[in-house]
2 protein chains.
Amino acid sequence: MFIQIEATSDIPIYTQLANQVIELIARGQLQGGDTLPSVRALASDLSVNMHTVNKSYHELEQKGIIRIVPKSGAIINPIVQYGMSRENRQRIIERIRPILAESLVLGMSLEEIEQLVSATLSLLKED
Amino acid sequence: MFIQIEATSDIPIYTQLANQVIELIARGQLQGGDTLPSVRALASDLSVNMHTVNKSYHELEQKGIIRIVPKSGAIINPIVQYGMSRENRQRIIERIRPILAESLVLGMSLEEIEQLVSATLSLLKED
DNA sequence: CTAACTGCTCTATTAATAGTATAACAGAAC
DNA sequence: GTTCTGTTATACTATTAATAGAGCAGTTAG
């Protein structure tokens with residue numbers, strides 16, 4: 001698990017952590033069935049508090065990305081193709097919408113924005 | 001100016017406000033040269049504190065979307081086509097990247113994501 | 001079986017952020 | 001000249017982020 005936390009970032013540590021786990025899954029370096037390190041182990045590894053890692057794991061669980069088995073560990077859910085619920089889809093739109101609006105206002109064309117999205121998606125698939 | 005604030009939202013008021021101004025500009029309902037209401041007027045209008053509106057305006061100024069003339073008012077900058085700086089572009093990517101990664105992990109295909117982006121961009125252009 | 005490890009809970013503290021509130025300053029607009 | 005403007009300063013409350021330590025109870029490995 002290659003995870004790096006930037007302490008100076010304005011992004012909360014537990015969000016940075018969740019985002020990086022998500023990227024590892026998107027990239028295939030973590031797969032359904034794989035287990036995440038214990039909250040204590042990862043906290044120690046990152047020099048971060050146990051509760052911070054715990055909060056991160058629960059955020060991932062709430063998103064439906066992992067499941068947490070009490071007294072045992074955190075397991076990555078398999079990616080369900082075509083399993084995107086309307087709620088999830090709506091949540092994604094609400095998060096992406098202000099960013100797209102800002103891109104338009106900053107002078108990007110529709111084509112430029114779509115190209116930026118494609119490029120970023122490709123980036124996520126690289127090793 | 002049709003702006004609505006959701007007090008119960010987990011999104012800060014000043015962010016909601018800035019996002020809605022940005023959408024109004026993207027939609028063409030606000031154009032370069034137009035002025036925003038005074039911080040006091042808008043604060044009173046939205047039943048919100050003056051400092052909250054002030055913070056919102058400064059966020060918009062920092063993004064390069066408006067300029068604030070001291071003792072005068074806030075004026076919307078014209079949209080500069082092809083004026084997207086590398087810094088702005090990078091900032092957009094960093095914000096959109098974790099959302100795209102999550103979409104992939106939740107089971108969306110590349111095509112579905114690109115379609116969702118296009119649909120959201122169209123939504124932003126509607127009246 | 002025992003010991004180590006696990007997620008979970010509880011309590012506490014510190015620091016930062018969001019929002020409100022009031023007041024005052026000085027320039028702009030009418 | 002009065003009103004309105006953005007700006008600054010201070011203060012207070014509430015919430016969140018992060019750390020810290022302790023303990024509980026189930027799981028797992030030796």
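Basis for what follows: all heavy atoms, side chains included, without hydrogens, waters or symmetry-related copies.
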May I ask you to decide if [Y]'s main-chain N or O and [X]'s side chain share a donor-acceptor pair within less than 3.5 Å?
X: Asn77(B); Y: Gly64(B); answer: yes
X: Arg27(B); Y: Glu126(B); answer: yes
X: Gln31(B); Y: Pro78(B); answer: no

Calculate, to the nearest 0.5 Å, the distance between atoms CD and CE belonging to Glu114(B) and Met108(B) respectively. 10.5 Å

To the nearest 0.5 Å, what is the distance between CG on Leu36(B) and CD1 on Ile76(B)?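 Here the rounded value is 4.5 Å.
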
Between atom [atom1] in [X] and atom [atom2] in [N], what is the gap in whole Å?
X: Asp10(B); N: dA17(D); atom1: CG; atom2: C1'; value: 15 Å
X: Arg67(B); N: dT5(D); atom1: CZ; atom2: P; value: 18 Å
X: Leu46(A); N: dA18(D); atom1: CG; atom2: P; value: 13 Å
X: Leu42(A); N: dC5(C); atom1: CG; atom2: P; value: 16 Å
X: Ile66(A); N: dT6(C); atom1: CD1; atom2: P; value: 15 Å

Below 3.5 Å is the cut-off: list the nitrogen or oxygen pairs between protein and nucleotides 17-20 of chain C, distance only.
from    : atom 1 : to       : atom 2 : distance (Å)
dA18(C) : OP1    : Tyr14(B) : OH     : 2.5
dA18(C) : OP2    : Tyr14(B) : OH     : 3.4
dA18(C) : OP2    : Lys55(B) : NZ     : 2.5
dG19(C) : OP1    : Ile13(B) : N      : 2.6
dG19(C) : OP2    : Ile13(B) : N      : 3.4
dT20(C) : OP2    : Asn49(B) : N      : 3.0
dT20(C) : OP2    : Thr52(B) : OG1    : 2.9

According to a strict under-4.0 Å criterion, is [X] in side-chain N/O contact with OP1 or OP2 of [N]?
X: Asn54(A); N: dC8(C); result: yes
X: His58(A); N: dG7(C); result: no
X: Ser38(B); N: dC4(D); result: no

Qualifying residue, where the test is side-chain contact (heavy atoms from CB on, under 4.5 Å) with Leu121(B) and the options are Leu104(A), Ile96(A), Val117(A): Leu104(A)

Pair Arg97(A) + Glu23(B): basic N to acidic O under 4.0 Å: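 Salt bridge between Arg97(A) and Glu23(B), a charged N being under 4.0 Å from a carboxylate O: yes.
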
Any salt bridge between Lys63(B) and Glu102(A), counting N to O under 4.0 Å?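 Here Lys63(B) pairs with Glu102(A) in a salt bridge, since their nearest N and O are under 4.0 Å apart.
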
Does any donor atom in the side chain of Glu6(B) or Thr8(B) lie under 3.5 Å from an acceptor atom in the other side chain? no

Reading nucleotides 25-30 of chain C from the 5' end, what letters show protein touch, with B for base, S for backbone sugar-phosphate only, - for no heavy atom under 4.0 Å? -BSS--

